[in-house]
Structure formats: structure tokens, C-alpha cells
Amino acid sequence: MKYWLMKSEPFKYSWEQLIKDGWTHWDGVRNYQASNNMKAMSIGDLVFFYHSNKGLDIVGVAEVSKLYYPDHTDKSGRFGMVNIKPIKPFPSPVSLKYIKAEKKLADMALVKQSRLSVSPVTEKEWKIICKIGKIKLK
DNA sequence: GCCAACGTTGGC
DNA sequence: GCCAACGTTGGC
């Protein structure tokens with residue numbers, strides 16, 4: 001089991017929209033590091049859904065539901081995507097502010113590489129954030 | 001709206 | 001293969 005974090009601007013594609021849709025393909029990534037992270041995902045891996053620009057918090061947990069495949073919106077054929085489906089919203093969303101203030105989370109890629117839209121999360125970080133956000137998975 | 005960080009492009 | 005110029009992301 002691996003853990004990830006994916007960013008989306010809520011006015012482009014929000015958590016609420018994901019709930020409505022039931023699933024989505026994560027198209028539009030044009031960054032090798034982000035794309036490679038998606039390549040490394042397995043079915044059932046869990047994903048924090050983060051709202052960038054507006055909101056600035058982790059609002060829900062999603063699950064990888066389809067392995068990396070070519071992004072049809074990328075004409076160059078260099079980048080791919082995965083599908084995800086929503087699992088659960090956070091009863092208490094975890095803000096970037098909190099993550100920055102918490103020493104144990106200071107090494108998160110979200111903080112260190114603020115421009116990376118798909119990043120890995122360690123098991124330790126995952127557990128801390130779940131606890132803070134008061135989310136119980138199954 | 002500004003700007004720092006950083007990825008990409010293209011000339012050499 | 002280097003690096004300046006440029007574009008984009010995203011927090012503030």
C-alpha cells in the first residue's frame with residue numbers, strides 16, 4: 001500500500017465535483033515528476049485530495065482505480081494519468097497552515113516542493129494527517 | 001495581483 | 001550540454 005497527495009484547484013476540479021462524478025481521470029499533468037509518481041501508483045493506493053489556490057487544505061481521501069495510461073489530452077504522448085474515485089471526505093479538513101506548523105510534517109513534498117501536483121506521502125505522514133482530520137477509513 | 005520557485009525551451 | 005529567457009504554479 002502506497003500513499004499519495006494530488007492537488008487540484010477547486011474552481012477547475014473540486015472534491016465536490018469528484019463526489020458528483022463518482023470517479024475521474026487525472027488528465028492535464030505536464031510534469032515528469034508528477035507523471036512518474038502516477039506511474040508508480042497501484043490499484044487501491046490511497047490519495048489525499050488537496051485544494052490549491054483556494055481552500056489550501058486536504059479535503060478528502062480517494063483511491064487509485066485505474067493504472068497509469070496515456071493522457072489523451074497530451075498530443076506529444078509523453079505524459080499519462082490514472083483514474084481515482086472518492087472514498088471519504090475529511091470531517092475536519094487539514095490546512096496547509098497546520099501542515100507547515102507541525103514539525104513532523106515539515107518534510108512533506110507539499111511543503112518542500114510546492115509546485116509538484118502529484119507527490120508521495122509516507123505512512124507516518126498519512127497517519128498523522130488522518131488523525132488530525134478525524135477521518136476513519138473502513 | 002505580486003513574486004519566488006522552478007520547470008522548459010531553444011540558441012549557441 | 002550549458003544556460004539565459006521565458007512560462008507556470010501556487011502561496012501570500
Side-chain angles (χ1 to χ4, degrees):
Chain A
M1 171 67 74
K2 294 186 292 296
Y3 302 100
W4 309 93
L5 181 143
M6 289 167 118
K7 284 190 210 180
S8 183
E9 297 166 276
F11 42 86
K12 281 191 184 152
Y13 194 87
S14 66
W15 170 255
E16 289 74 21
Q17 191 61 45
L18 180 63
I19 298 276
K20 238 180 254 175
D21 293 344
W23 66 278
T24 194
H25 48 226
W26 205 262
D27 64 357
V29 170
R30 297 292 182 269
N31 171 285
Y32 285 109
Q33 218 183 329
S35 195
N36 283 335
N37 283 334
M38 289 198 287
K39 207 182 275 182
M41 291 179 182
S42 309
I43 300 284
D45 279 0
L46 295 174
V47 179
F48 283 142
F49 193 104
Y50 174 80
H51 278 164
S52 63
N53 274 303
K54 282 266 162 59
L56 309 184
D57 47 10
I58 299 171
V59 288
V61 171
E63 173 185 28
V64 177
S65 57
K66 181 170 178 176
L67 290 178
Y68 187 85
Y69 61 108
D71 180 343
H72 55 82
T73 66
D74 174 30
K75 289 198 192 99
S76 73
R78 285 181 285 191
F79 300 99
M81 60 188 178
V82 295
N83 289 2
I84 60 167
K85 57 178 187 187
I87 301 280
K88 247 185 197 183
F90 270 90
S92 170
V94 180
S95 68
L96 179 65
K97 212 172 162 189
Y98 183 91
I99 291 168
K100 282 189 163 174
E102 171 56 67
K103 278 192 206 115
K104 289 177 199 150
L105 299 174
D107 284 335
M108 283 187 75
L110 178 68
V111 179
K112 294 224 157 153
Q113 281 171 276
S114 64
R115 292 185 53 201
L116 184 59
S117 60
V118 180
S119 59
V121 174
T122 67
E123 192 179 354
K124 212 184 236 176
E125 291 159 353
W126 182 272
K127 284 182 175 161
I128 294 169
I129 289 168
C130 285
K131 200 172 172 188
I132 302 309
K134 301 192 175 79
I135 197 169
K136 288 243 161 57
L137 298 166
K138 55 160 193 290

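Chain letters run A, B, ... following the sequence lines, proteins first, then strands; residues in each count from 1.
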A.B. asks: Test side chain to side chain contact (heavy atoms under 4.5 Å, CB included) on A/Y3 and A/F48 and set out the steps.
C.D. replies: CA-CA 8 Å; A/Y3 302 100; A/F48 283 142; over 6 Å; no

A.B. asks: Starting from P on C/dG10, measure out to NZ on A/K100 and report it in whole angstrom.
C.D. replies: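 A/K100 atom NZ is separated from C/dG10 atom P by 13 Å.
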
A.B. asks: Yes or no on side chain to side chain contact (heavy atoms under 4.5 Å, CB included) for A/V118 and A/M41, after CA distance, side-chain angles and deciding distance?
C.D. replies: CA-CA 11 Å; A/V118 180; A/M41 291 179 182; 3.6 Å; yes

A.B. asks: Between A/M6 (CE) and C/dT9 (P), how many Å, whole number?
C.D. replies: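 Rounded to the whole Å, the gap is 16 Å.
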
A.B. asks: Are any of the side-chain nitrogens in A/E16 or A/K20 under 4.0 Å away from the carboxylate oxygens of its partner?
C.D. replies: no

A.B. asks: Indicate for each nucleotide in nucleotides 1-8 of chain B, in 5' to 3' sequence, whether protein heavy atoms under 4.0 Å reach the base (B), only the sugar-phosphate (S), or nothing (-).
C.D. replies: ----BBSS

A.B. asks: With a sphere of 6.0 Å drawn around NZ of A/K104, does it hold more than 12 non-hydrogen atoms of other residues, nucleotides or ligands?
C.D. replies: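 No, because the 6.0 Å sphere around NZ of A/K104 holds 12 heavy atoms or fewer from other groups.
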
A.B. asks: Could you note down all residue pairs passing salt bridge (Lys or Arg N to Asp or Glu O under 4.0 Å) where residues 46-70 of chain A supplies at least one of them, sequence neighbours left out?
C.D. replies: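 Every salt bridge (Lys or Arg N to Asp or Glu O under 4.0 Å) pair that includes a residue of residues 46-70 of chain A, provided the two are not neighbours, is A/E63-A/K85.
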
A.B. asks: What integer distance in Å separates A/K54:NZ from C/dG10:P?
C.D. replies: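 Atom NZ in A/K54 sits about 14 Å away from atom P in C/dG10.
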
A.B. asks: Round to a whole Å and report the spacing from CG of A/D57 to C1' of C/dG11.
C.D. replies: 13 Å

A.B. asks: Considering just the side-chain nitrogens and oxygens of A/K7, establish if one lies under 4.0 Å of OP1 or OP2 belonging to C/dT9.
C.D. replies: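 Checking A/K7 against C/dT9: no side-chain N or O falls below 4.0 Å of OP1 or OP2.
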
A.B. asks: Mind calculating the distance between CE (A/M108) and P (C/dG11) to the nearest angstrom?
C.D. replies: 13 Å

A.B. asks: For C/dT9 and A/Y50 - does any side-chain N or O of the residue sit under 4.0 Å from the phosphate oxygens OP1/OP2?
C.D. replies: no

A.B. asks: Check for a donor-acceptor pair, side chain of A/S8 on one end and backbone N or O of A/Y13 on the other, with a separation under 3.5 Å.
C.D. replies: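 A pair under 3.5 Å: yes.
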
A.B. asks: To the nearest Å, give me how far apart CG (A/L110) and P (C/dG11) are.
C.D. replies: 7 Å

A.B. asks: Take atom CG of A/L56 and atom P of C/dG10, then tell me their distance rounded to the nearest Å.
C.D. replies: 11 Å

